[in-house]
Amino acid sequence: QVQLMESGGGSVQPGGSLTLSCATSGIDFTINAMGWYRQAGEGRELISRLTPAGHTLYPSSLKGRFTISADKAAKTLYLQMNSLKAEATAVYYCNAPPPDFGSWGPGTQVTVSS
C-alpha cells in the first residue's frame, strides 16, 4: 500500500526558507511522477511536479523560488522553498499527480508571518 508522510513545515518570517520532505513507501520513483500540493482554504493545488526523467513543473508565481527534487533510492521527495511570502501559508502535501494519484498523507503546515 502506498504511504506518504510529509514533514519539515513550521513557522518562518517572510523572506525565509524551508525544506519540506515527503517520505514514501510503495512508490517507484523511476516509474511514477510525484508532486507537491498545498491547501489554503478550498481544495488542494498542485504547485510542483517531478517526472521520473527529472522534468519539473511550477506555477509561474513560484518559478525561481521553489524547487522540487527527489532522492529516488531513499524514496523521498523534497521541496525547497525560498523567499517565502505570506501567501505561502498552507498545508503542504505530496502525492502522485494524475493518473497515478493516490491516498493523501497528513500534510505539513507552513506558516509565513512576521
Honestly curious: do Leu18 and Leu62 fall in one hydrophobic cluster under the side-chain, below-4.5 Å linking rule? yes

Which heavy-atom pair separates Ser83 from Ser17 by the least distance, and what is that distance? N-OG, 4.3 Å

Under 3.5 Å, side chain of Asn95 to main-chain N/O of Gly102, donor-acceptor pair present? yes

Taking the side chain as everything from C-beta on, heavy atoms only, tell me whether Leu20 gets closer than 4.5 Å to Arg38. no

Does Pro52 have any side-chain contact (heavy atoms from CB on, under 4.5 Å) partners at least two apart in sequence or in another chain, and if so, which? Ala33

Please check this pair: side chain of Gln39 against backbone of Gly41, looking for a donor-acceptor N/O pair closer than 3.5 Å. yes

I'd like to know if Leu84 and Ile68 are part of one continuous hydrophobic network [Ile/Leu/Val/Met/Phe/Trp/Tyr, side-chain heavy atoms within less than 4.5 Å]. yes

Using atom types as modelled and distance alone, determine if a side-chain donor or acceptor of Thr89 lies under 3.5 Å from a backbone N or O of Val112. yes

Shared ILVMFWY cluster between Leu50 and Ile27, side chains joined below 4.5 angstrom? yes

Would you sort out whether Tyr93 and Leu4 count as a side-chain contact (heavy atoms from CB on, under 4.5 Å), showing the intermediate values? CA-CA 9 Å; Tyr93 303 85; Leu4 305 169; over 6 Å; no

Transitively linked via ILVMFWY side-chain contacts under 4.5 Å: Val110 with Leu46? no

Is the backbone N or O of Lys75 less than 3.5 Å from a side-chain atom of Thr24, with the two atoms forming a donor-acceptor pair by type? yes

Going only through I, L, V, M, F, W and Y residues with side-chain contacts under 4.5 Å, is there a path from Val2 to Leu77? yes

Hey, does the side chain of Arg49 reach the backbone of Leu57 with a donor-acceptor pair shorter than 3.5 angstrom? no

No-hydrogen, no-angle side-chain donor-acceptor test under 3.5 Å, Gln13 and Ser114: no

CE/Met5 to OG1/Thr108 distance, rounded to the nearest 0.5 angstrom? 10.5 Å

I'd like to know if the side chain of Gln109 reaches the main chain of Gly9, judged simply by a donor and an acceptor atom lying under 3.5 Å from each other, with no hydrogens or angles considered. no

Approximate separation, where rounding is to 0.5 Å, of Thr67 OG1 and Leu79 CG: 8.0 Å

Tell me the ring-ring contact (aromatic ring centres under 6.0 Å, His included) pairs involving residues 29-82, sequence neighbours left out? Tyr37-Trp104

